[in-house]
**Student:** 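Structure below; questions to follow.
Below, read A as the first sequence line, B as the second, and so on, with proteins coming before strands; counting in each chain starts at 1. Any value given below was found using the heavy atoms of this structure, including those in side chains, with hydrogens, waters and symmetry copies removed.
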Protein chains: 2
Amino acid sequence: MDRPVVPLGKPRAERADARRNRLRLLAVAREMMDDGGAASVTMDALAERAGLGKGTVFRRFGTRAGIFKALLEEEAHRFQELVLSGPPPLGPGAGPVERLTAYGRVRIAFLVDNLDVAQAAMEPGAGHPAAEVDLTLVHFRMLLGRADLGVRDPESLAVQLGAALEGPLLLYLSSSRTTEPPPAEAGRRLADAWQDLVERLFATAAD
Amino acid sequence: MDRPVVPLGKPRAERADARRNRLRLLAVAREMMDDGGAASVTMDALAERAGLGKGTVFRRFGTRAGIFKALLEEEAHRFQELVLSGPPPLGPGAGPVERLTAYGRVRIAFLVDNLDVAQAAMEPGAGHPAAEVDLTLVHFRMLLGRADLGVRDPESLAVQLGAALEGPLLLYLSSSRTTEPPPAEAGRRLADAWQDLVERLFATAAD
DNA sequence: AATATAAGCGGGGTAAAGTCCGTTTAGTTG
DNA sequence: CAACTAAACGGACTTTACCCCGCTTATATT
């Protein structure tokens with residue numbers, strides 16, 4: 001629980017062996033997931049299969065969920081680049097409504113693909129809902145600020161939108177997946193609903 | 001090898017001892033929460049303090065989260081009555097916008113009060129997001145159906161609204177509560193934002 | 001190169017969730 | 001009321017996440 005807590009200003013670059021092991025662990029984790037699914041990634045097994053001690057695994061990731069968050073964030077980083085400097089409508093150059101709907105579409109596709117990782121990433125009292133969510137929020141705030149709806153509390157609206165996007169996804173991926181609609185179709189439906197919501201919200205501004 | 005094969009349709013009422021123990025466990029759990037917070041409610045301790053075996057606890061609630069869900073649902077039942085047949089604006093008699101905002105206000109207050117139980121109720125791969133959430137969805141669907149926005153997929157909108165209401169709450173209650181705004185104020189802010197969102201959504205219909 | 005030290009490492013230890021299965025009992029049937 | 005059966009019970013057992021802390025090593029400093 002105690003974090004090292006270097007007062008501040010001293011990031012103290014990651015040591016070479018630490019970095020090597022971190023990458024190693026992530027690679028092995030991915031490998032194990034491909035084999036036996038997320039459930040098969042136990043801390044002991046991961047440590048052993050990576051040829052490291054259990055303590056090391058925890059030092060690197062803090063918690064089991066931490067591993068999955070890290071996996072997710074690797075991907076998220078690529079995504080972020082697209083959002084910040086890729087081609088429209090996802091990247092800059094399109095209007096807020098287009099960018100928001102595009103964002104939703106891509107994010108939904110992403111989570112539907114990485115369903116089990118996403119699930120595993122939020123199990124315990126994980127606290128922070130992944131830095132990744134924060135990225136979504138930052139982006140939403142930016143877009144909302146730009147589009148001038150006369151909203152009282154843009155910060156809260158960003159959070160609500162984020163929830164409206166992620167919530168249904170989580171609901172979907174937590175429901176029995178055996179008899180449910182196939183992911184592709186569910187994804188399409190979620191994306192359409194998202195577009196509907198965004199357009200409806202912005203319609204009031206266009207009056 | 002003879003299979004019992006009760007065809008179906010026979011719920012087989014709860015046995016008297018089972019009922020007694022179920023109520024007992026809930027009472028003791030509440031007691032323990034008042035003492036040492038949600039974290040102090042371990043399955044072993046609960047079993048012992050109730051004078052029962054651990055197996056019994058699991059038979060009754062299936063999972064640790066199950067206990068907290070059960071606690072929450074006890075409350076939710078009272079709430080449901082208010083919604084279905086209480087006085088306006090929460091109960092019938094007011095317009096959809098008023099009812100939705102009232103619903104949000106009360107629900108937020110409820111969750112802010114029961115913060116730790118709510119948190120504890122959603123920890124593991126709990127699967128079903130609590131029957132309670134379903135109640136919210138049923139209600140939202142009803143109100144959305146009544147108010148005739150020309151929405152393509154009312155079902156999805158209900159889910160999104162539910163998420164927009166609950167998501168920010170969860171975010172709030174999972175963030176460090178030591179330095180954050182006091183619950184009362186946070187609650188007010190969430191409620192205002194919720195009202196804003198609902199009014200904005202319905203504005204397009206009122207044109 | 002020698003030294004100092006913060007960071008990293010390992011793996012046994014603990015606690016708590018959840019499973020198993022043999023025993024007990026409430027409720028039913030003739 | 002005696003036999004019967006499905007449900008409930010208990011508690012030992014297993015599996016994991018996560019902690020602790022003495023030992024090792026990379027890296028900065030002189």
**Student:** Taking only the side-chain nitrogens and oxygens of B:Arg59, find out if one of them lies under 4.0 Å from OP1 or OP2 of D:dG10.
**Tutor:**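 Result: no.
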
**Student:** What is the distance, rounded to the nearest whole Å, between atom CE of A:Met43 and atom C1' of C:dG10?
**Tutor:**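 About 15 Å, once rounded to whole Å.
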
**Student:** For D:dT15 and A:Thr42 - does any side-chain N or O of the residue sit under 4.0 Å from the phosphate oxygens OP1/OP2?
**Tutor:**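 No, A:Thr42 has no side-chain N/O under 4.0 Å of OP1/OP2 on D:dT15.
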
**Student:** Please report, rounded to the nearest Å, how far the P atom of D:dA8 is from the CZ atom of B:Phe58.
**Tutor:**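 Rounded to whole Å, this separation is 17 Å.
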
**Student:** For the pair A:Arg60 (side chain) and A:Ile67 (backbone), establish whether a donor and an acceptor sit closer than 3.5 Å, ignoring hydrogens and angles.
**Tutor:**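 Looks like no, no N/O pair under 3.5 Å.
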
**Student:** With a cut-off of less than 4.0 Å, is there a side-chain N or O of A:Thr63 near OP1 or OP2 of D:dA17?
**Tutor:**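 Answer no for this pair, as no side-chain N or O of A:Thr63 is under 4.0 Å from OP1 or OP2.
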
**Student:** Check the distance between C:dA7's P and A:Glu14's CD and give it to me in whole angstrom.
**Tutor:**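 From A:Glu14 CD to C:dA7 P: 13 Å.
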
**Student:** For B:Asn21 and D:dA7, give me the distance from atom CG to atom C1', rounded to whole Å.
**Tutor:**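 Taking atom C1' of D:dA7 as the reference, CG of B:Asn21 is at 12 Å.
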
**Student:** Can you tell me how far P of C:dA17 sits from CZ of B:Arg60, to the nearest Å?
**Tutor:**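 Nearest whole value for this atom pair: 18 Å.
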
**Student:** Name the one of A:Leu100, A:Leu90, A:Asp192 that satisfies side chain to side chain contact (heavy atoms under 4.5 Å, CB included) with A:Arg105?
**Tutor:**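 Of the listed residues A:Leu100, A:Leu90, A:Asp192, the side chain to side chain contact (heavy atoms under 4.5 Å, CB included) partner of A:Arg105 is A:Asp192.
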
**Student:** To the nearest angstrom, how far is B:Phe61 atom CZ from D:dC9 atom C1'?
**Tutor:**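 That distance rounds to 15 Å.
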
**Student:** Using whole Å, what does the distance between atom P of nucleotide C:dG11 and atom CD of A:Glu48 come to?
**Tutor:**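 Distance check: A:Glu48 CD to C:dG11 P gives 10 Å.
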
**Student:** Measure up the A:Phe140 and A:Tyr103 rings against each other and bin them: parallel (under 30°), tilted (30 to 60°), perpendicular (over 60°).
**Tutor:**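 A:Phe140 vs A:Tyr103 ring planes: perpendicular.
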
**Student:** When you compare the side chain of A:Asn21 with that of A:Leu52, does any pair of heavy atoms fall below 4.5 Å?
**Tutor:**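 When only atoms from C-beta onward are counted, A:Asn21 and A:Leu52 do touch, with a gap below 4.5 Å.
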
**Student:** Assign each of B:Arg19 and B:Asp44 to its nearest nucleotide of DNA chain D by heavy atoms, then name whichever residue's nucleotide is nearer the 5' end.
**Tutor:**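 First, find each residue's nearest nucleotide; the 5'-ward one identifies B:Arg19.
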
**Student:** Is there a side-chain polar atom (N or O) of A:Arg20 under 4.0 Å from OP1 or OP2 of C:dG8?
**Tutor:**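 No, outside the criterion.
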
**Student:** Given D:dC18, is OP1 or OP2 found less than 4.0 Å from the side-chain N or O atoms of A:Arg64?
**Tutor:**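 Answer is no, no contact under 4.0 Å.
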
**Student:** B:Arg15 has an atom CZ; how far is it from atom P of C:dT25, in whole Å?
**Tutor:**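 Computing the B:Arg15:CZ to C:dT25:P distance gives 10 Å.
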
**Student:** With nearest nucleotide decided by heavy atoms, which residue, A:Lys54 or B:Thr56, maps closer to the 5′ end of DNA chain D?
**Tutor:**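 Counting from the 5' end, the first nearest nucleotide belongs to B:Thr56.
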
**Student:** With distance as the sole test, does A:Arg146 use its side chain to make a donor-acceptor pair with the main-chain N or O of A:Gly95 at under 3.5 Å?
**Tutor:**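 Flag not set: sc A:Arg146 to bb A:Gly95 has no pair under 3.5 Å.
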
